[in-house]
S.K.: 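If you scroll down you'll find the structure; I have some questions about it.
Residue indices begin at 1 and follow the sequence shown.
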Amino acid sequence: MRRIAVDPRSDWRERADAIGFVYHDTDGEPYWDEGAAYAFTLAEIEDDLEPAAEQLHAMCLDLVDEVVRDQQLMERLAIPREQWNYVAETWRTRQPSLYGRFDFAYDGTGPAKLYEYNADTPTSVFECATFQWMWLEDLLVSGALPAGTDQFNSLFDKLRERFRALFPSGGFVHFAADASAIEDRQTVRFFEDLASQVGIEPKFVEMKDIGLAADGRFVDTDGYEVQAAFKLYPWEFMLREPYAPNLSRADVRWIEPAWKSILSNKGILPLLWERHPEHPNLLPAFFDDDPAAKILGPKYVRKPLFSREGANVEVIGDAAHAVLDQGYGAEGAIRQAYAPPPVFDGRHPVIGAWMVGNEAAGIGVREDDTVVTRNLARFVPHIIEA
(Lines give C-alpha, C1' and ligand atoms only; values in the text may rest on other atoms or scores of the structure.)
Protein backbone atom coordinates (compact mmCIF):
# COMPACT_ATOMS: atom_id res chain seq x y z
CA MET A 1 0.00 0.00 0.00
CA ARG A 2 1.33 3.40 -0.95
CA ARG A 3 0.08 6.90 -1.73
CA ILE A 4 0.98 8.13 -5.20
CA ALA A 5 0.69 11.55 -6.83
CA VAL A 6 -1.73 11.78 -9.76
CA ASP A 7 -2.53 14.66 -12.11
CA PRO A 8 -6.20 15.62 -11.66
CA ARG A 9 -8.41 15.64 -14.72
CA SER A 10 -9.04 19.18 -15.88
CA ASP A 11 -12.81 18.66 -16.13
CA TRP A 12 -13.42 16.45 -13.11
CA ARG A 13 -15.83 18.87 -11.43
CA GLU A 14 -17.98 19.12 -14.54
CA ARG A 15 -17.99 15.33 -14.85
CA ALA A 16 -18.95 14.98 -11.18
CA ASP A 17 -21.80 17.46 -11.54
CA ALA A 18 -23.07 15.64 -14.65
CA ILE A 19 -23.74 12.42 -12.72
CA GLY A 20 -25.14 14.12 -9.61
CA PHE A 21 -22.01 14.00 -7.47
CA VAL A 22 -22.51 17.66 -6.61
CA TYR A 23 -21.10 17.51 -3.08
CA HIS A 24 -17.53 17.06 -4.32
CA ASP A 25 -16.68 20.24 -2.37
CA THR A 26 -17.96 20.76 1.16
CA ASP A 27 -17.99 24.11 2.96
CA GLY A 28 -15.45 25.46 0.50
CA GLU A 29 -13.08 22.52 1.01
CA PRO A 30 -12.52 19.71 -1.49
CA TYR A 31 -14.15 16.44 -0.51
CA TRP A 32 -13.10 14.53 -3.62
CA ASP A 33 -9.30 14.64 -4.07
CA GLU A 34 -7.82 13.06 -7.20
CA GLY A 35 -4.43 14.72 -6.83
CA ALA A 36 -3.41 11.44 -5.22
CA ALA A 37 -4.42 7.80 -5.16
CA TYR A 38 -3.79 4.84 -2.90
CA ALA A 39 -2.15 1.91 -4.64
CA PHE A 40 -2.63 -1.63 -3.35
CA THR A 41 -1.26 -4.97 -4.42
CA LEU A 42 -3.67 -7.71 -5.37
CA ALA A 43 -2.48 -9.73 -2.37
CA GLU A 44 -3.35 -6.88 0.00
CA ILE A 45 -6.90 -6.92 -1.33
CA GLU A 46 -7.41 -10.67 -1.66
CA ASP A 47 -5.49 -11.82 1.42
CA ASP A 48 -6.12 -8.96 3.86
CA LEU A 49 -9.04 -6.62 3.21
CA GLU A 50 -11.61 -8.79 1.44
CA PRO A 51 -11.47 -11.78 3.82
CA ALA A 52 -11.35 -9.49 6.87
CA ALA A 53 -14.61 -7.83 5.84
CA GLU A 54 -16.39 -11.09 5.13
CA GLN A 55 -15.21 -12.81 8.29
CA LEU A 56 -16.11 -9.86 10.50
CA HIS A 57 -19.52 -9.63 8.86
CA ALA A 58 -20.17 -13.30 9.68
CA MET A 59 -19.08 -12.68 13.26
CA CYS A 60 -21.46 -9.73 13.43
CA LEU A 61 -24.40 -11.83 12.24
CA ASP A 62 -23.64 -14.40 14.93
CA LEU A 63 -23.63 -11.58 17.45
CA VAL A 64 -27.03 -10.33 16.32
CA ASP A 65 -28.42 -13.83 16.80
CA GLU A 66 -27.15 -13.76 20.37
CA VAL A 67 -28.21 -10.21 21.23
CA VAL A 68 -31.85 -10.59 20.16
CA ARG A 69 -32.18 -13.52 22.58
CA ASP A 70 -30.65 -11.67 25.55
CA GLN A 71 -32.47 -8.78 27.18
CA GLN A 72 -29.38 -7.74 29.12
CA LEU A 73 -27.46 -7.29 25.87
CA MET A 74 -30.32 -5.34 24.30
CA GLU A 75 -30.28 -3.05 27.30
CA ARG A 76 -26.47 -2.80 27.16
CA LEU A 77 -26.76 -1.54 23.59
CA ALA A 78 -29.41 1.02 24.58
CA ILE A 79 -32.08 -0.48 22.35
CA PRO A 80 -35.36 0.99 23.69
CA ARG A 81 -37.12 -1.64 25.75
CA GLU A 82 -40.41 -1.06 23.94
CA GLN A 83 -38.73 -2.05 20.65
CA TRP A 84 -36.91 -5.22 21.77
CA ASN A 85 -39.54 -7.55 20.36
CA TYR A 86 -39.74 -5.64 17.09
CA VAL A 87 -35.98 -5.65 16.54
CA ALA A 88 -35.81 -9.34 17.43
CA GLU A 89 -38.68 -10.21 15.12
CA THR A 90 -36.98 -8.58 12.12
CA TRP A 91 -34.05 -10.91 12.78
CA ARG A 92 -36.15 -14.02 13.42
CA THR A 93 -37.90 -13.48 10.10
CA ARG A 94 -34.52 -12.76 8.48
CA GLN A 95 -35.55 -9.47 6.93
CA PRO A 96 -32.77 -8.95 4.38
CA SER A 97 -29.96 -6.43 4.39
CA LEU A 98 -28.69 -4.45 1.41
CA TYR A 99 -25.28 -3.12 2.43
CA GLY A 100 -22.86 -1.90 5.09
CA ARG A 101 -19.35 -0.49 5.46
CA PHE A 102 -16.53 -1.51 7.76
CA ASP A 103 -13.96 1.15 8.66
CA PHE A 104 -10.44 -0.27 8.91
CA ALA A 105 -7.01 0.92 9.94
CA TYR A 106 -4.60 -0.65 7.44
CA ASP A 107 -1.18 0.10 6.00
CA GLY A 108 -0.31 -3.09 4.14
CA THR A 109 2.11 -4.39 6.77
CA GLY A 110 -0.29 -6.17 9.10
CA PRO A 111 -3.92 -7.20 9.47
CA ALA A 112 -6.70 -4.66 9.00
CA LYS A 113 -8.06 -3.45 12.34
CA LEU A 114 -11.75 -2.71 12.78
CA TYR A 115 -12.67 0.77 13.96
CA GLU A 116 -16.45 0.37 13.56
CA TYR A 117 -19.20 -1.05 11.38
CA ASN A 118 -21.43 1.47 9.59
CA ALA A 119 -24.16 -1.08 9.12
CA ASP A 120 -27.30 1.04 8.87
CA THR A 121 -26.83 4.33 6.99
CA PRO A 122 -23.31 4.30 5.55
CA THR A 123 -22.40 7.14 3.20
CA SER A 124 -19.74 7.62 0.50
CA VAL A 125 -21.35 4.74 -1.42
CA PHE A 126 -22.33 6.84 -4.46
CA GLU A 127 -18.89 8.32 -5.11
CA CYS A 128 -17.20 5.01 -4.35
CA ALA A 129 -19.37 2.98 -6.73
CA THR A 130 -19.51 5.47 -9.60
CA PHE A 131 -17.11 8.40 -9.71
CA GLN A 132 -14.14 6.46 -8.41
CA TRP A 133 -14.66 3.89 -11.18
CA MET A 134 -15.07 6.62 -13.84
CA TRP A 135 -11.78 8.13 -12.67
CA LEU A 136 -10.02 4.79 -13.18
CA GLU A 137 -11.48 4.32 -16.65
CA ASP A 138 -10.50 7.85 -17.72
CA LEU A 139 -6.92 7.45 -16.54
CA LEU A 140 -6.61 4.11 -18.29
CA VAL A 141 -7.85 5.62 -21.56
CA SER A 142 -5.48 8.61 -21.27
CA GLY A 143 -2.51 6.38 -20.45
CA ALA A 144 -1.98 8.04 -17.08
CA LEU A 145 -2.27 4.57 -15.54
CA PRO A 146 -0.72 1.48 -17.13
CA ALA A 147 -2.89 -1.13 -18.82
CA GLY A 148 -3.98 -3.81 -16.39
CA THR A 149 -4.44 -1.40 -13.47
CA ASP A 150 -7.59 -2.40 -11.62
CA GLN A 151 -9.73 -1.37 -8.65
CA PHE A 152 -11.41 -3.34 -5.88
CA ASN A 153 -14.83 -2.12 -6.81
CA SER A 154 -17.79 -4.25 -7.84
CA LEU A 155 -20.05 -2.10 -5.68
CA PHE A 156 -22.32 -0.77 -8.43
CA ASP A 157 -23.04 -4.16 -9.97
CA LYS A 158 -23.44 -5.96 -6.66
CA LEU A 159 -25.85 -3.33 -5.32
CA ARG A 160 -27.95 -3.51 -8.46
CA GLU A 161 -28.08 -7.29 -8.34
CA ARG A 162 -28.87 -7.19 -4.64
CA PHE A 163 -31.90 -5.00 -5.37
CA ARG A 164 -32.95 -7.58 -7.96
CA ALA A 165 -32.63 -10.35 -5.36
CA LEU A 166 -34.54 -8.36 -2.73
CA PHE A 167 -37.38 -7.52 -5.12
CA PRO A 168 -37.36 -10.25 -7.80
CA SER A 169 -40.78 -9.22 -9.10
CA GLY A 170 -39.99 -5.51 -9.13
CA GLY A 171 -42.77 -3.45 -7.64
CA PHE A 172 -43.23 -0.13 -5.93
CA VAL A 173 -40.65 0.93 -3.32
CA HIS A 174 -40.36 4.18 -1.38
CA PHE A 175 -36.99 5.86 -0.90
CA ALA A 176 -36.71 8.17 2.08
CA ALA A 177 -34.21 10.68 3.44
CA ASP A 178 -33.80 14.31 4.43
CA ALA A 179 -34.02 16.18 1.12
CA SER A 180 -32.36 19.27 2.60
CA ALA A 181 -29.12 17.29 3.12
CA ILE A 182 -27.57 17.34 -0.36
CA GLU A 183 -25.33 14.30 0.15
CA ASP A 184 -28.21 12.24 1.53
CA ARG A 185 -30.58 13.23 -1.28
CA GLN A 186 -28.04 12.50 -4.03
CA THR A 187 -27.11 9.20 -2.41
CA VAL A 188 -30.76 8.16 -2.36
CA ARG A 189 -31.11 9.24 -6.00
CA PHE A 190 -28.27 6.84 -6.78
CA PHE A 191 -30.16 4.01 -5.09
CA GLU A 192 -33.38 4.98 -6.88
CA ASP A 193 -31.54 4.71 -10.19
CA LEU A 194 -30.08 1.32 -9.31
CA ALA A 195 -33.51 0.05 -8.32
CA SER A 196 -35.17 1.30 -11.49
CA GLN A 197 -32.60 -0.61 -13.55
CA VAL A 198 -33.96 -3.92 -12.20
CA GLY A 199 -37.64 -3.15 -12.63
CA ILE A 200 -38.43 -1.43 -9.34
CA GLU A 201 -40.61 1.68 -9.40
CA PRO A 202 -39.05 4.15 -6.94
CA LYS A 203 -40.88 6.99 -5.22
CA PHE A 204 -39.08 9.49 -3.00
CA VAL A 205 -40.58 10.78 0.21
CA GLU A 206 -38.99 12.87 2.92
CA MET A 207 -38.72 11.07 6.22
CA LYS A 208 -40.45 13.95 7.96
CA ASP A 209 -43.39 13.70 5.55
CA ILE A 210 -44.21 10.06 6.21
CA GLY A 211 -47.51 10.06 8.06
CA LEU A 212 -49.81 7.63 9.83
CA ALA A 213 -53.11 6.46 8.44
CA ALA A 214 -56.10 5.74 10.66
CA ASP A 215 -55.23 2.04 10.70
CA GLY A 216 -51.71 2.77 12.01
CA ARG A 217 -49.91 2.15 8.73
CA PHE A 218 -47.40 4.58 7.24
CA VAL A 219 -48.37 6.66 4.20
CA ASP A 220 -46.63 9.22 2.00
CA THR A 221 -47.90 12.71 1.18
CA ASP A 222 -50.07 11.36 -1.64
CA GLY A 223 -51.71 8.81 0.62
CA TYR A 224 -49.85 5.81 -0.79
CA GLU A 225 -49.14 3.16 1.81
CA VAL A 226 -45.47 2.59 2.61
CA GLN A 227 -44.99 -1.17 2.24
CA ALA A 228 -41.30 -1.37 1.29
CA ALA A 229 -38.85 1.46 1.84
CA PHE A 230 -35.15 2.21 1.58
CA LYS A 231 -34.36 4.82 4.21
CA LEU A 232 -31.26 6.88 4.86
CA TYR A 233 -32.28 7.63 8.42
CA PRO A 234 -30.74 5.87 11.43
CA TRP A 235 -32.57 3.31 13.50
CA GLU A 236 -31.40 4.84 16.77
CA PHE A 237 -33.58 7.83 15.82
CA MET A 238 -36.48 5.84 14.37
CA LEU A 239 -36.80 3.65 17.45
CA ARG A 240 -37.22 6.81 19.56
CA GLU A 241 -39.56 8.80 17.30
CA PRO A 242 -43.19 9.39 18.33
CA TYR A 243 -44.23 6.94 15.61
CA ALA A 244 -42.01 4.15 17.02
CA PRO A 245 -44.95 2.21 18.57
CA ASN A 246 -46.33 1.78 15.04
CA LEU A 247 -43.17 0.20 13.62
CA SER A 248 -44.07 -3.31 14.74
CA ARG A 249 -47.61 -3.23 13.33
CA ALA A 250 -47.21 -1.12 10.19
CA ASP A 251 -45.73 -4.10 8.30
CA VAL A 252 -43.12 -2.11 6.37
CA ARG A 253 -40.17 -3.89 4.81
CA TRP A 254 -37.41 -1.44 5.69
CA ILE A 255 -34.03 -1.43 4.00
CA GLU A 256 -32.00 -1.60 6.22
CA PRO A 257 -34.05 -3.79 8.62
CA ALA A 258 -34.36 -2.96 12.31
CA TRP A 259 -31.88 -5.65 13.41
CA LYS A 260 -29.20 -3.44 11.88
CA SER A 261 -29.75 -1.16 14.89
CA ILE A 262 -27.60 -3.67 16.77
CA LEU A 263 -24.69 -3.63 14.32
CA SER A 264 -24.64 0.14 13.81
CA ASN A 265 -24.05 0.48 17.55
CA LYS A 266 -20.43 0.86 18.71
CA GLY A 267 -21.32 -1.36 21.63
CA ILE A 268 -20.72 -4.31 19.31
CA LEU A 269 -16.97 -3.57 19.51
CA PRO A 270 -16.54 -4.74 23.14
CA LEU A 271 -19.01 -7.56 22.54
CA LEU A 272 -16.99 -8.81 19.56
CA TRP A 273 -13.73 -8.52 21.51
CA GLU A 274 -15.23 -10.44 24.43
CA ARG A 275 -16.30 -13.26 22.10
CA HIS A 276 -13.22 -13.24 19.87
CA PRO A 277 -10.32 -12.07 22.07
CA GLU A 278 -7.05 -11.49 20.24
CA HIS A 279 -8.73 -11.79 16.86
CA PRO A 280 -6.28 -10.26 14.38
CA ASN A 281 -8.86 -7.88 12.90
CA LEU A 282 -10.20 -6.58 16.23
CA LEU A 283 -8.90 -3.95 18.64
CA PRO A 284 -9.32 -4.45 22.39
CA ALA A 285 -12.56 -2.73 23.41
CA PHE A 286 -14.64 -2.45 26.58
CA PHE A 287 -17.75 -0.71 27.81
CA ASP A 288 -17.03 2.56 29.59
CA ASP A 289 -17.87 1.15 33.02
CA ASP A 290 -15.97 -2.13 32.64
CA PRO A 291 -13.05 -2.33 35.12
CA ALA A 292 -11.19 -4.49 32.59
CA ALA A 293 -10.77 -1.41 30.43
CA LYS A 294 -7.78 -0.45 32.56
CA ILE A 295 -5.63 -2.73 30.40
CA LEU A 296 -5.91 -0.10 27.66
CA GLY A 297 -3.58 2.13 29.64
CA PRO A 298 -3.68 5.92 29.90
CA LYS A 299 -4.27 6.53 26.19
CA TYR A 300 -7.33 5.12 24.45
CA VAL A 301 -10.28 6.18 22.31
CA ARG A 302 -13.68 6.82 23.86
CA LYS A 303 -16.64 6.52 21.47
CA PRO A 304 -20.36 7.12 22.07
CA LEU A 305 -22.61 4.16 21.30
CA PHE A 306 -24.17 6.35 18.62
CA SER A 307 -22.30 8.97 16.62
CA ARG A 308 -21.41 9.84 13.06
CA GLU A 309 -18.32 11.05 11.21
CA GLY A 310 -16.14 11.29 14.29
CA ALA A 311 -18.59 13.32 16.36
CA ASN A 312 -17.90 13.20 20.12
CA VAL A 313 -15.05 10.72 19.66
CA GLU A 314 -12.34 11.48 22.23
CA VAL A 315 -8.71 10.44 22.24
CA ILE A 316 -8.13 10.20 25.99
CA GLY A 317 -4.57 11.02 26.96
CA ASP A 318 -4.03 13.40 24.06
CA ALA A 319 -4.43 16.98 25.21
CA ALA A 320 -4.10 18.26 21.65
CA HIS A 321 -7.07 16.28 20.33
CA ALA A 322 -10.05 18.52 19.56
CA VAL A 323 -13.43 16.87 20.05
CA LEU A 324 -16.15 17.54 17.47
CA ASP A 325 -19.10 17.94 19.82
CA GLN A 326 -22.46 17.26 18.19
CA GLY A 327 -24.30 16.13 21.29
CA TYR A 328 -23.82 12.37 21.09
CA GLY A 329 -23.12 10.21 24.11
CA ALA A 330 -26.19 10.29 26.36
CA GLU A 331 -26.82 6.56 25.85
CA GLY A 332 -23.32 5.52 26.91
CA ALA A 333 -19.85 4.95 25.47
CA ILE A 334 -17.18 2.37 24.85
CA ARG A 335 -13.39 2.46 25.09
CA GLN A 336 -11.21 1.13 22.31
CA ALA A 337 -7.46 0.65 22.15
CA TYR A 338 -5.61 3.58 20.64
CA ALA A 339 -4.52 2.50 17.17
CA PRO A 340 -4.24 5.57 14.96
CA PRO A 341 -4.50 5.26 11.20
CA PRO A 342 -1.21 5.11 9.32
CA VAL A 343 0.39 8.28 7.97
CA PHE A 344 0.98 8.77 4.26
CA ASP A 345 2.28 12.19 3.19
CA GLY A 346 0.93 13.68 6.41
CA ARG A 347 -2.55 12.24 5.84
CA HIS A 348 -4.36 9.56 7.86
CA PRO A 349 -6.28 7.16 5.56
CA VAL A 350 -9.11 4.93 6.74
CA ILE A 351 -10.28 2.08 4.51
CA GLY A 352 -14.02 1.75 4.04
CA ALA A 353 -14.69 -1.88 3.09
CA TRP A 354 -18.13 -2.39 1.58
CA MET A 355 -20.41 -5.35 2.12
CA VAL A 356 -23.39 -6.06 -0.14
CA GLY A 357 -25.50 -8.80 1.31
CA ASN A 358 -22.86 -11.16 2.69
CA GLU A 359 -20.18 -10.39 0.09
CA ALA A 360 -17.29 -7.93 0.11
CA ALA A 361 -17.84 -5.50 -2.77
CA GLY A 362 -15.01 -2.98 -2.79
CA ILE A 363 -13.28 -0.25 -0.86
CA GLY A 364 -13.12 3.52 -0.61
CA VAL A 365 -10.41 5.52 1.12
CA ARG A 366 -11.04 8.63 3.17
CA GLU A 367 -8.19 10.57 4.68
CA ASP A 368 -8.01 13.30 7.31
CA ASP A 369 -5.35 15.53 8.78
CA THR A 370 -6.12 14.12 12.23
CA VAL A 371 -6.35 10.61 13.68
CA VAL A 372 -10.16 10.86 13.89
CA THR A 373 -11.91 10.76 10.51
CA ARG A 374 -14.44 13.60 10.51
CA ASN A 375 -17.10 15.03 8.22
CA LEU A 376 -14.60 17.03 6.13
CA ALA A 377 -12.28 14.07 5.47
CA ARG A 378 -11.35 13.74 1.79
CA PHE A 379 -12.26 10.85 -0.48
CA VAL A 380 -9.19 9.66 -2.41
CA PRO A 381 -9.49 7.06 -5.21
CA HIS A 382 -7.54 3.82 -5.21
CA ILE A 383 -6.03 1.32 -7.64
CA ILE A 384 -4.76 -2.23 -7.66
CA GLU A 385 -1.39 -2.07 -9.34
CA ALA A 386 -0.86 -4.22 -12.41
Side-chain angles (χ1 to χ4, degrees), residues 1-21 24 30-54 99 101-112 122-162 190 194 341-356 359-368 373 377-386:
M1 177 181 174
R2 61 196 185 101
R3 189 179 192 269
I4 59 176
V6 181
D7 290 331
R9 296 164 295 172
S10 60
D11 63 344
W12 73 261
R13 281 186 170 82
E14 291 81 3
R15 291 174 64 80
D17 290 338
I19 67 165
F21 179 28
H24 48 69
Y31 165 59
W32 171 267
D33 181 1
E34 62 178 64
Y38 282 90
F40 297 85
T41 66
L42 185 59
E44 288 171 336
I45 299 297
E46 293 186 340
D47 297 342
D48 293 346
L49 295 171
E50 187 173 12
E54 293 190 348
Y99 71 142
R101 191 193 78 225
F102 288 105
D103 283 348
F104 288 142
Y106 181 73
D107 65 0
T109 65
T123 54
S124 79
V125 61
F126 174 30
E127 52 271 32
C128 184
T130 59
F131 202 59
Q132 178 179 220
W133 185 256
M134 291 171 58
W135 166 87
L136 174 68
E137 290 185 321
D138 286 349
L139 268 61
L140 285 170
V141 169
S142 70
L145 290 174
T149 303
D150 203 353
Q151 194 174 87
F152 181 30
N153 193 357
S154 58
L155 190 52
F156 186 96
D157 290 338
K158 278 190 166 69
L159 284 169
R160 182 175 56 193
E161 293 312 304
R162 184 63 176 163
F190 163 67
L194 283 173
V343 180
F344 290 83
D345 299 333
R347 309 290 177 84
H348 298 272
V350 169
I351 312 297
W354 289 96
M355 295 295 302
V356 176
E359 296 181 353
I363 61 171
V365 184
R366 293 184 68 191
E367 60 177 22
D368 206 315
T373 305
R378 294 165 292 276
F379 190 106
V380 181
H382 81 277
I383 61 171
I384 302 173
E385 295 189 282

S.K.: Going through the checks in order, is the side chain to side chain contact (heavy atoms under 4.5 Å, CB included) test met by Trp135 and Leu145?
M.R.: CA-CA 11 Å; Trp135 166 87; Leu145 290 174; 4.2 Å; yes
S.K.: Looking at side-chain heavy atoms only, is the closest gap between Tyr99 and Arg162 below 4.5 Å?
M.R.: no
S.K.: Search all heavy atoms of Ala377 against all heavy atoms of Tyr31 and return the closest pair with its distance.
M.R.: O-CD1, 3.2 Å
S.K.: Can you give me the closest heavy-atom contact between Glu367 and Asp33, atom names plus distance?
M.R.: OE2-OD2, 4.1 Å
S.K.: Give the intermediate values and the outcome of side chain to side chain contact (heavy atoms under 4.5 Å, CB included) for residues Phe379 and Arg366.
M.R.: CA-CA 4 Å; Phe379 190 106; Arg366 293 184 68 191; 4.1 Å; yes
S.K.: Give the minimum heavy-atom separation between Pro381 and Gln132, together with the two atoms involved.
M.R.: CA-OE1, 3.6 Å
S.K.: Specify the closest pair of heavy atoms between Pro8 and Gly35, including all atoms of both residues, with the distance to one decimal.
M.R.: CG-CA, 3.9 Å
S.K.: Rounded to the nearest 0.5 Å, how far does CG of Leu194 lie from CD of Glu161?
M.R.: 10.0 Å
S.K.: Roughly how far, to the nearest 0.5 Å, is CZ of Phe40 from CD of Glu46?
M.R.: 13.5 Å
S.K.: Check step by step if side chain to side chain contact (heavy atoms under 4.5 Å, CB included) holds for His382 and Ile351.
M.R.: CA-CA 10 Å; His382 81 277; Ile351 312 297; over 6 Å; no
S.K.: Would you please test Arg347 and Val380 for side chain to side chain contact (heavy atoms under 4.5 Å, CB included) and show each step?
M.R.: CA-CA 11 Å; Arg347 309 290 177 84; Val380 181; 6.0 Å; no
S.K.: When rounded to the nearest 0.5 angstrom, what is the spacing between CG in Leu139 and CD1 in Ile383?
M.R.: 9.0 Å
S.K.: Look up atom CD1 in Ile384 and atom CG in Leu136, then write down how far apart they are to the nearest 0.5 Å.
M.R.: 9.5 Å
S.K.: Nearest 0.5 Å, please: how far is CG in Leu49 from OH in Tyr106?
M.R.: 5.0 Å
S.K.: Could I get the full list of ring pair (Phe, Tyr, Trp, His ring centres under 6.0 Å) partners for Phe131, not counting sequence neighbours?
M.R.: Phe21, Trp32
S.K.: With a 4.5 Å cut-off on side-chain heavy atoms, are His24 and Asp17 touching?
M.R.: yes
S.K.: Testing the basics here: between Lys158 and Ala361, what is the closest heavy-atom pair and its distance to 0.1 Å?
M.R.: CD-CB, 3.6 Å
S.K.: In terms of side-chain geometry, is the basic nitrogen of Asp103 or Arg101 positioned less than 4.0 Å from the acidic oxygen of its partner?
M.R.: yes
S.K.: With rounding to the nearest 0.5 Å, note down the distance linking CG in Leu155 to CD in Glu127.
M.R.: 10.0 Å
S.K.: Going by the salt bridge (charged side-chain N to carboxylate O under 4.0 Å, His left out) test, which pairs reach into residues 147-157, not counting sequence neighbours?
M.R.: Asp157-Arg160
S.K.: Taking the side chain as everything from C-beta on, heavy atoms only, tell me whether Pro349 gets closer than 4.5 Å to Met1.
M.R.: yes
S.K.: Using every non-hydrogen atom in the two residues, find where Ala129 and Phe190 come nearest and quote the distance to one decimal.
M.R.: CB-CZ, 3.8 Å
S.K.: Does Asn153 reach the main-chain N or O of Cys128 with its side chain, forming a donor-acceptor pair under 3.5 Å?
M.R.: yes
S.K.: Tell me, yes or no, whether the heavy-atom count around Asp11 atom CG, taken from other residues, nucleotides or ligands under 6.0 Å, exceeds 12.
M.R.: yes
